A.B. asks: 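This is the structure I have questions about; it appears just below.
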Amino acid sequence: MTEAKGPTGDRMIRVDMTHQTARFEPFPAEWKLLGGRALSAKILLAECDPTCDPLGPGNVLVMAPGVMSGTAAPTSGRISIGAKSPLTGGIKEANAGGNPGQDLMKLGVRAIVVKGQPQDPNKRYGLEITAEQVKVVPADAHKGQWNYALCESLGEHYATASFISIGPAGEMRLSGASIACTDGDSRHPARHAARGGLGAVMGSKGLKFVSVDAGKRPVRRPADMKAFMEFSKTFTRDYLAGPQMFKTGTSSIVPIANMLNTFPSRNRTSGQFEHAASLDGARIVESFATRGGGMHNCMTGCIVKCSNVVHDADGNYKTSALEFETLTLLGANCGIASWEDVADLDRLCDEIGLDTIETGAAIGIYMDSGGMEFGDAAGAKRILREIAEGTELGQAIGNGAVSIGKKRKHHRVPVVKGQALPAWDPRPLKATGVTYATSPMGADHTAGLIINPGLPLDQFARASQESQIVNAACDSSGFCQFLQPTIAEIAKYYALLYGEEVTREQVAEIGWNCLADEWAFNDRAGFTAADDDLPACMKDEGVGPNQVMKFDVPASVIADTKKKMAYREELFAIKATG
Ligand code: SF4
């Protein structure tokens, strides 16, 4: 009899929200190298009708940690959440840090698959997971609770658990709703699977929270512990000896982004913002000396520590992390100049359970259409509270950029496949625009960001395809994109985890097959080549000197990006980017 190598006892959880039942079942051995985004795509393509109502009982919500989650590999505990998106109408994966991914994998849980819907939409439920059992429990007492209060009260009952939760936006099934995961050290619900309205899907299933209690379960044991730890030691040492570009967080990229005309302001009518200096993450870092806060890791074992903990003027915790994307969309894009105001808006979004990118884009459109002055920070905060209250305006903005654009009959609605553009602008960064056009996710910088303004046109298709493969592989591994692992490094880790050869080509195939599954889902949902395009405002309205930078990439380049190219040696050394 041969002894099983690598982690054993893998299982998955099936949840039926129509009957409020849950059970463990074995995890298919042939899927062992599938995790996170790739696993979510595989399950959705097989088990979810792409034509279903995203908020109906036919949608399937998948929560899948990455392959390396729960191991001692550095920065490896991410979780993917997937479903048919109510925002795009296509497949969606959003990735989050925090500790639930690691805790699930310590219990051997490779995926949670949630189906069905309660008869009574007013009922709320929780899902309790421990090593011994999984069960659906009543949670009406938590109805309408904001995320921080929810997790604090859950913490009193589940003393050693981590949580996945939604705020009122998810309960109201708004298309801009996010799903929160709690931080490793503080249990703040500050890490969000933000994009695509997945919080609305969780809300449509009546699921207010998931608690994951790994107890004293150890990290997952690799097949070759000695070699695994030696590789991790070298990997960590090399990382810490390198430039550590996220040492002060993503917010420190503001001055460079502004210089490159990819710090869009006032609903993207400019690529720069005259108050960029007051939104620069350097201001946040300066505040640490007098207010406290500082850099931390959002999940146990992260060596990058890109997450800033932001305090108010009295030294009290306000929010984390205040990221570049949030400072852009809720700051410059709304003409709001103060990082402290953006910190308030970020906390409100985390509390209510909203994607800061989609919400910032929606408020920017509202302002641009004359609903409110650009720069009205108090008004923006009022709108977020209106979203939580469910007012007509709150719902229109909480449902995202397209929703408020329609309501205001506004012409400038910067979205792809119904999802708002992130900060990185497709006019100076055209290859990134190709990613936005072709990604199954709609406009999403984490799908394949390419910060290379000088890249020649004839390299856009390959650069975007390769970046999308690397990022899909990374989002399936559990490694954070900010660790910037290469396919070669992911393959090495998989080989050490399972004690068998895993080639770089195999990992590249996992990335490509993930994209292929997602494109297949979208095709069946009704998407066509016409959907692989950027909005008119990105083609007609320029940014930069004399507004010459426009998105003018030919359709043929966009089409070529989705045709599989032969893997070249360089692919295996490309770093994931987020
Ligand atoms: S690099 Fe940043 S976002 Fe990624 S896991 Fe670490 S702290 Fe979290």
Side-chain angles (χ1 to χ4, degrees), residues 35-37 65-81 93-105 162-164 178-195 219 232 235-236 238-240 242-253 281 284-285 288 293-310 317 319-327 346 349-350 355-357 422-423 444-446 449 470-471 473-486 489-490 493 575-578:
R37 178 174 166 185
V67 174
M68 300 302 300
S69 296
T71 70
T75 320
S76 65
R78 308 274 302 189
I79 186 169
S80 288
I81 300 186
E93 181 265 0
N95 195 277
N99 267 32
Q102 293 180 337
D103 288 346
L104 282 167
M105 286 294 261
S162 55
F163 306 114
I164 302 168
S178 64
I179 296 177
C181 291
T182 45
D183 273 353
D185 50 1
S186 59
R187 284 212 298 200
H188 289 141
R191 318 307 308 189
H192 287 245
R195 307 232 62 199
V219 293
S232 286
F235 187 93
T236 301
D238 290 351
Y239 176 82
L240 295 176
Q244 292 191 60
M245 55 192 292
F246 300 110
K247 202 173 183 176
T248 52
T250 59
S251 56
S252 297
I253 204 90
I284 300 168
V285 172
F288 297 157
M295 305 308 297
H296 84 145
N297 54 11
C298 77
M299 63 192 186
T300 308
C302 170
I303 59 173
V304 180
K305 299 183 181 174
C306 83
S307 174
N308 51 23
V309 176
V310 178
Y317 172 90
T319 194
S320 70
L322 191 46
E323 308 263 16
F324 166 64
E325 288 290 337
T326 302
L327 285 159
D346 182 62
C349 282
D350 286 357
D355 175 14
T356 57
I357 296 176
D444 186 342
H445 64 292
T446 69
L449 176 63
V470 173
N471 276 18
C474 179
D475 285 345
S476 306
S477 70
F479 287 116
C480 183
Q481 291 182 350
F482 296 135
L483 185 70
Q484 299 193 292
T486 64
E489 288 161 343
I490 294 170
Y493 260 119
K575 292 174 181 295
T577 50

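Numbering of ligands and ligand atoms starts at 1, following listing order. Quick note: numbers below take in every heavy atom, side chains included, and nothing from hydrogens, waters or symmetry partners. For this chain, numbers begin at 1 and follow the sequence in order. Computed from a predicted model, the values in this text were never measured in an experiment.
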A.B. asks: At less than 2.8 Å, would any N/O/S atom of Cys480, backbone or side chain, sit next to atom 8 (Fe) of ligand 1?
C.D. replies: no
A.B. asks: Step by step, work out the side-chain contact (heavy atoms from CB on, under 4.5 Å) result for Phe482 and Thr75.
C.D. replies: CA-CA 9 Å; Phe482 296 135; Thr75 320; over 6 Å; no
A.B. asks: Is Val304 close to Asn297 at the side-chain level, that is, under 4.5 Å between some pair of heavy atoms?
C.D. replies: no
A.B. asks: Closest non-hydrogen protein atom to atom 2 (Fe) of ligand 1, residue and atom name please, with distance?
C.D. replies: Cys306 SG, 2.3 Å
A.B. asks: Considering only protein heavy atoms, which is closest to atom 1 (S) of ligand 1, and at what distance to one decimal place?
C.D. replies: Val304 CB, 3.4 Å
A.B. asks: Does the side chain of Ile79 come within less than 4.5 Å of Cys181's, by heavy atoms?
C.D. replies: yes
A.B. asks: Do you see an N/O/S atom of Cys302, backbone or side chain, under 2.8 Å from atom 6 (Fe) of ligand 1?
C.D. replies: yes
A.B. asks: Measuring only between side-chain heavy atoms, which start at C-beta, is Ser232 closer than 4.5 Å to Tyr493?
C.D. replies: yes
A.B. asks: Against heavy atoms of Arg78, which atoms of ligand 1 measure under 4.0 Å?
C.D. replies: 3 (S), 4 (Fe)
A.B. asks: With a 4.0 Å cut-off on heavy atoms, is Gln481 touching ligand 1?
C.D. replies: no
A.B. asks: If the threshold is 4.0 Å, N to carboxylate O, is there a salt bridge linking Glu323 and Arg191?
C.D. replies: yes
A.B. asks: Donor-acceptor pair, Asp183 side chain versus Asp185 backbone, under 3.5 Å?
C.D. replies: no
A.B. asks: Any idea which protein heavy atom is nearest atom 8 (Fe) of ligand 1, and the distance to it?
C.D. replies: Cys298 SG, 2.4 Å
A.B. asks: Considering only heavy atoms, which of Arg191, Met299, His296 lies nearest to atom 3 (S) of ligand 1?
C.D. replies: Arg191
A.B. asks: Can you sort out which atoms of ligand 1 are near Phe482, meaning under 4.0 Å from one of its heavy atoms?
C.D. replies: 1 (S), 3 (S)
A.B. asks: Any side-chain heavy atom of Gln102 sitting closer than 4.5 Å to one from Thr300?
C.D. replies: yes
